[in-house]
Amino acid sequence: MAPELIDEIHTKKEPDKGLKALKNTEGRKVVMRFAPNPNGPPTIGSSRGMIVNSEYVKMYDGKFVLRFDDTDPDQKRPMLEAYDWYVDDFKWLGVIPDEIYNASDRLPKYYEIAKELIEKGHAYVCFCDGETFKSLKDTKKPCPDRNANVSENLENWEKMLAGKFEEQEAVLRIKTDIEHKDPALRDWGAFRILKIGHPRPEIGDRFCVWPLLDFQGAVDDYLIGTTHIIRGKDLIDSGRRQKYIYDYMGWTYPELLHWGRIKIEEFGKLSTSGIKASIGKGEYTGWDDPRLPTVRAIRRRGIQPEALKKFMIDLGVGETDISISMESLYAENRKFIDPLSNRYFFVWDAVEIEIDGLNPTVAEAPFHPSNTENMRKIKVDSNKVLICNSDYTKFEKGDIVRLKDLCNIEITSVSPFNAKFIDNSLETLKKTKAKIIHWAPTDAITVKIVEPERILEGKGEEGIKNELDKVVQFERYGFCRIDSVSDDEVVAYFTHK
RNA sequence: GCUCCGGUAGUGUAGCUCGGCCAAUCAUUUAGGAUUCUCACUCCUACGACCCGGGUUCAAAUCCCGGCCGGAGCACCA
């Protein structure tokens with residue numbers, strides 16, 4: 001076979017790395033947006049949209065827009081703090097949006113387009129109550145208001161805007177095809193009346209007519225110049241509805257890509273509103289409680305932005321619903337933090353043991369096994385050290401045990417406990433194949449580790465106090481992020497094994 | 001009820017557009033082993049999949065039809 005053919009076979013076998021190419025990107029500036037409702041902080045699920053959209057923009061040197069779709073002050077009422085939380089989590093991911101918009105600032109623009117659509121005869125004010133309209137629609141029958149003429153509709157629309165109607169009394173619909181075979185596309189609602197007021201003080205109760213997602217999103221995507229949209233499969237019909245507006249207005253609809261639902265095995269069904277209620281009841285310590293699937297929570301636990309990014313990019317954009325495990329994210333994260341994390345001894349369920357013949361000394365241990373030049377010093381003032389109870393209870397008479405980086409000892413008796421110092425040579429360790437355990441000095445500081453389901457308290461090296469906000473590895477325990485430090489106590493958040 | 005998606009190893013993913021380089025990629029998980037003063041990291045090995053049934057074809061994971069399973073939409077939510 002010709003060598004170039006062999007080469008070709010090899011290159012074709014290489015798997016595609018990263019995100020697949022987008023369609024229709026030639027000769028134009030790619031504009032993409034991420035459009036959350038800020039009714040809570042970003043979750044791991046939202047981070048997929050944050051990451052993939054912004055990565056695509058980076059890939060095509062385009063423009064990235066963060067748009068808060070905060071037009072439901074009622075059922076999914078925005079939280080004022082959440083706007084900043086999104087910006088902050090983006091920053092953590094290394095993304096600075098080129099533009100940021102609040103849909104709630106843009107109501108006049110939506111009204112303008114709505115008026116134009118009414119004038120063109122593509123929208124009407126409907127006075128049916130919800131159930132009436134639904135039964136008409138389900139039987140492909142038009143509602144009585146569908147035939148109103150343009151001036152009647154304009155008049156009623158102005159009355160809506162002026163607050164002349166009550167909530168539920170009127171709604172503006174986009175006229176599509178009342179006999180469309182897909183009931184989801186028949187004359188969908190575009191604006192409704194809400195007199196509750198918006199949480200943003202600059203908006204407050206200035207408006208009483210609010211757009212629904214399909215209208216607001218359609219108009220904004222056009223005004224912002226969005227070229228490509230990636231969103232959940234649940235919005236497939238949404239795209240079809242929005243195309244009616246684009247056709248009526250003579251606009252070109254963006255390229256569409258959808259992804260399926262993402263379920264995280266470790267977290268059950270948690271809704272933003274459900275979590276909010278649980279936090280209110282004190283069941284969680286806050287939005288960064290380590291039991292929650294929020295970006296703030298995994299940040300606090302020491303997950304690195306690079307790991308989350310790689311993880312999400314590797315998932316790609318598929319329409320299949322997927323079920324992922326945090327274990328995969330941990331595996332990704334471990335690769336980032338392992339080379340960077342200093343090693344320390346942390347002893348849980350501490351037991352003090354006395355070793356005959358051990359003299360006060362200063363043990364030296366490497367901060368990282370890859371570099372034995374850079375050593376940490378651990379002072380041992382007596383012949384006593386702390387070890388884990390789980391190691392202690394496994395001792396048998398006659399065992400040779402290595403206290404890592406300190407010395408070898410022999411267990412001469414277990415009940416009562418008695419041990420004697422042998423030496424500190426590595427040769428002895430190799431010859432006897434002693435079990436290696438870690439330890440801590442008797443004057444070690446208190447270390448509290450916040451695990452998802454409990455707080456584990458133990459003793460650790462003094463030097464841990466220098467690692468505030470960094471991720472360390474407690475040998476034979478796992479990785480932790482040092483969350484706070486005081487004189488004699490450190491609080492760490494458990495990252496993963 | 002109507003409409004629309006999807007189904008490759010335990011999990012995720014590549015391949016499906018334009019059928020043959022696919023006895024199916026890569027990662028993770030699991031099990032062995034090597035290395036290591038950590039039960040971490042690294043390295044090696046192993047296990048493991050095209051939902052089912054037809055059809056088209058010399059040839060189907062890839063195209064067509066039917067079925068099964070899963071998900072979504074049909075809101076005055078996003």
Side-chain angles (χ1 to χ4, degrees), chain A residues 1 5-6 8-10 12-17 20 35-39 69-72 74-78 103 126 128-130 133-134 137-140 167-173 180-186 188-194 209-210 212-214 216-217 231-238 240-241 258 260-262 265 272-273 310-311 314-316 318-325 327-332 334-335 337-339 341 343 345 365-366 368-370 372 402-406 408 424 426 429-430 434-438 473-479 496-497:
Chain A
M1 195 186 277
L5 283 182
I6 294 170
E8 193 182 329
I9 288 168
H10 281 282
K12 283 209 174 176
K13 282 255 183 182
E14 280 297 305
D16 285 355
K17 290 273 189 266
K20 286 187 223 169
N37 176 358
N39 62 338
D69 283 355
D70 56 349
T71 54
D72 180 11
D74 183 28
Q75 293 184 54
K76 291 188 177 171
R77 191 170 176 83
C126 163
C128 301
D129 62 70
F133 184 81
K134 180 174 165 47
K137 182 207 64 184
D138 284 346
T139 49
K140 301 184 178 180
E167 292 188 12
Q168 312 287 320
E169 204 177 335
V171 46
L172 187 79
R173 290 190 182 283
H180 197 288
K181 66 171 183 170
D182 184 348
L185 304 191
R186 296 172 198 154
W188 49 273
F191 287 85
R192 84 302 207 179
I193 296 165
L194 285 177
V209 174
W210 287 86
L212 274 337
L213 173 77
D214 288 327
Q216 173 262 321
R231 60 186 170 200
K233 232 174 32 169
D234 50 326
L235 296 181
I236 285 182
D237 283 332
S238 196
R240 297 189 178 116
R241 284 191 283 259
H258 298 103
R261 289 227 168 246
I262 177 165
E265 283 162 19
T272 300
S273 48
K310 179 158 193 315
F311 181 73
D314 284 352
L315 290 186
E319 292 199 16
T320 325
D321 294 336
I322 57 173
S323 173
I324 55 166
S325 163
E327 286 303 324
S328 312
L329 178 58
Y330 297 158
E332 210 62 72
R334 196 174 290 118
K335 288 179 189 150
I337 60 177
D338 186 82
S341 303
R343 270 54 174 171
F345 291 149
H368 195 279
S370 67
T372 46
R402 171 70 178 179
L403 297 173
K404 189 170 181 281
D405 301 305
L406 179 65
N408 307 305
N424 60 8
L426 288 177
L429 164 65
K430 284 183 179 137
K435 181 175 161 40
I436 300 164
I437 65 170
H438 67 292
Q473 188 200 48
F474 293 137
E475 294 195 32
R476 302 212 303 147
Y477 171 76
F479 295 93
H496 47 66
K497 288 293 281 178

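In the text below, chain A, chain B and the rest are named by the order of the sequence lines, each starting its count at 1. Side-chain atoms are counted along with the backbone in the values below, which use heavy atoms only and exclude waters and symmetry mates. Because the structure is a prediction, the values reported are computed rather than measured.
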Closest listed nucleotide, where the reference is the side chain of [X] and the choices are [options]:
X        : options             : result
A:Pro183 : B:C2, B:U13, B:C4   : B:C2
A:Asp234 : B:G6, B:A78, B:A27  : B:A78
A:Asp338 : B:A78, B:C41, B:U3  : B:C41
A:Arg192 : B:A40, B:C37, B:C77 : B:C77
A:Asp69  : B:G7, B:U11, B:A78  : B:A78
A:Arg476 : B:C2, B:C74, B:U38  : B:U38

Rounded [atom1] spacing from [N] to [M] in Å:
N     : M     : atom1 : value
B:C21 : B:C65 : P     : 24 Å
B:G73 : B:C77 : C1'   : 13 Å
B:A27 : B:C43 : P     : 10 Å
B:C44 : B:U35 : C1'   : 11 Å
B:C2  : B:U11 : P     : 32 Å
B:A78 : B:C18 : C1'   : 39 Å
B:A34 : B:A24 : P     : 29 Å
B:C5  : B:G48 : C1'   : 29 Å

So what does [X] touch, heavy atoms closer than 4.0 Å: a base, only the sugar-phosphate, or nothing?
X        : value
A:Arg77  : nothing
A:Phe479 : sugar-phosphate
A:Asp129 : base
A:Thr71  : sugar-phosphate
A:Leu235 : base
A:Leu213 : base
A:Leu426 : base
A:Lys497 : nothing
A:Arg343 : base
A:Lys181 : sugar-phosphate
A:Asp314 : sugar-phosphate
A:Gln75  : base
A:Asp405 : base
A:Arg231 : nothing

Check for a donor-acceptor pair, side chain of [X] on one end and backbone N or O of [Y] on the other, with a separation under 3.5 Å.
X        : Y        : value
A:Arg261 : A:Asp321 : no
A:Arg186 : A:Lys137 : yes
A:His258 : A:Asp234 : no
A:Asn408 : A:Ala434 : no

Does a side-chain N or O from A:Lys137 land closer than 4.0 Å to OP1 or OP2 of B:A75, or not?
yes
Compare side-chain N and O positions of A:Arg173 against OP1 and OP2 of B:C76 and report whether any pair is under 4.0 Å apart.
yes
Side chains of A:Arg402 and A:Leu426, heavy atoms from C-beta outward: is any pair under 4.5 Å?
yes
Is any side-chain heavy atom of A:Arg192 closer than 4.5 Å to a side-chain heavy atom of A:Leu212?
yes
Which pair of non-hydrogen atoms, one from A:Asp237 and one from A:Ala184, has the smallest distance, and what is that distance?
OD2-CB, 3.7 Å
Between the base of B:U38 and the side chain of A:Gln473, is there a donor and acceptor pair under 3.5 angstrom?
yes
Using only modelled atom types and a 3.5 angstrom limit, is any donor from either the side chain of A:Lys76 or the base of B:C77 paired with an acceptor on the other?
yes
Nearest-nucleotide wise, let me know which of A:Leu403 and A:Leu212 is further upstream toward the 5' end of RNA chain B.
A:Leu403
Please work out the stems of RNA chain B from pairs that are Watson-Crick or G-U wobble with both distances under 3.5 Å, keeping only runs of three or more consecutive pairs.
B:1-7 with B:68-74, B:10-12 with B:26-28, B:30-34 with B:42-46, B:51-55 with B:63-67
Could you walk me through whether A:Lys134 and A:Asp129 pass the salt bridge (Lys or Arg N to Asp or Glu O under 4.0 Å) test, one step at a time?
CA-CA 9 Å; A:Lys134 180 174 165 47; A:Asp129 62 70; over 6 Å; no
Measuring from atom CZ of A:Arg241 to atom CG of A:Leu213, what distance do you get when rounded to the nearest 0.5 angstrom?
8.5 Å
Determine whether A:His496 and A:Leu329 satisfy the following criterion, side-chain contact (heavy atoms from CB on, under 4.5 Å), listing intermediate values before the conclusion.
CA-CA 10 Å; A:His496 47 66; A:Leu329 178 58; over 6 Å; no
